[in-house]
Amino acid sequence: DNVKFCPQCFCFVCDVPASECNEWSNTKNTMGPHCHAHNGDEKWTSLVKEKRDAATATATRQQEQPNQARINTSVDSSSNHQQIAQLIHNEFLSRLATDNNNDTANNANNNREDQRT
């Protein structure tokens with residue numbers, strides 16, 4: 001019974017552990033469940049080759065695309081970092097001004113108390 005598997009079993013078609021293969025026991029799959037796939041059967045080896053060729057073609061297309069998206073992301077990221085730095089700087093200045101105003105007010109109160117005594 002090929003449907004049963006151990007932790008070491010691997011799906012020949014998906015190249016993942018059998019426990020992660022969604023088609024391992026799917027009898028509705030037109031090729032049949034992947035639990036029956038092996039390298040001695042041309043239908044399975046052809047399917048594996050097609051999947052690998054498609055994955056390779058996708059990876060190649062992604063590598064061949066211009067780096068414009070990465071550049072835009074980099075620029076956006078740089079711009080975001082600058083905006084964040086500016087916000088932090090403004091918040092720092094605002095808190096510094098508030099602290100200074102509080103210190104000035106405290107000093108004024110202390111001076112008034114000293115003058116009364």
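For this chain, numbers begin at 1 and follow the sequence in order. Please read these numbers as outputs of a predicted model, since none were measured by experiment.
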Side-chain heavy atoms of Val16 within contact of Cys21, under 4.5 Å: yes
Glu20, CD atom: more than 12 neighbouring heavy atoms under 6.0 Å: yes
Distance-only check: which donor-acceptor pairs under 3.5 Å involve side-chain atoms of residues 44-55, not counting sequence neighbours?
{"unit_1": "Thr45", "atom_1": "OG1", "unit_2": "Asp41", "atom_2": "O", "d": "3.4"}
{"unit_1": "Thr45", "atom_1": "OG1", "unit_2": "Glu42", "atom_2": "O", "d": "3.1"}
{"unit_1": "Ser46", "atom_1": "OG", "unit_2": "Glu42", "atom_2": "O", "d": "2.9"}
{"unit_1": "Ser46", "atom_1": "OG", "unit_2": "Glu42", "atom_2": "OE2", "d": "2.8"}
{"unit_1": "Lys49", "atom_1": "NZ", "unit_2": "Asp53", "atom_2": "OD2", "d": "2.8"}

Side-chain touch Ser19/Phe5, heavy atoms, less than 4.5 angstrom: yes
Straight-line distance of Phe10 CZ to Asp15 CG, nearest 0.5 Å: 5.0 Å
Residue pair Cys14 / His34, side-chain heavy-atom distance below 4.5 Å: yes
Close side-chain approach of Cys11 and Trp24, heavy atoms under 4.5 Å: yes
Residue Asn22 excluded, over 12 heavy atoms near CG under 6.0 Å: no
Residues which pass side-chain hydrogen bond (donor to acceptor under 3.5 Å, both in side chains) with Thr56, listed by chain and number, not counting sequence neighbours: none
Inter-residue atom distance Asn2.CG - Ser25.OG, 0.5 Å rounding: 11.5 Å
Euclidean distance, Lys4 NZ relative to Cys35 SG, rounded to 0.5 Å: 12.0 Å
Lys43 NZ: over 12 foreign heavy atoms closer than 6.0 Å: yes
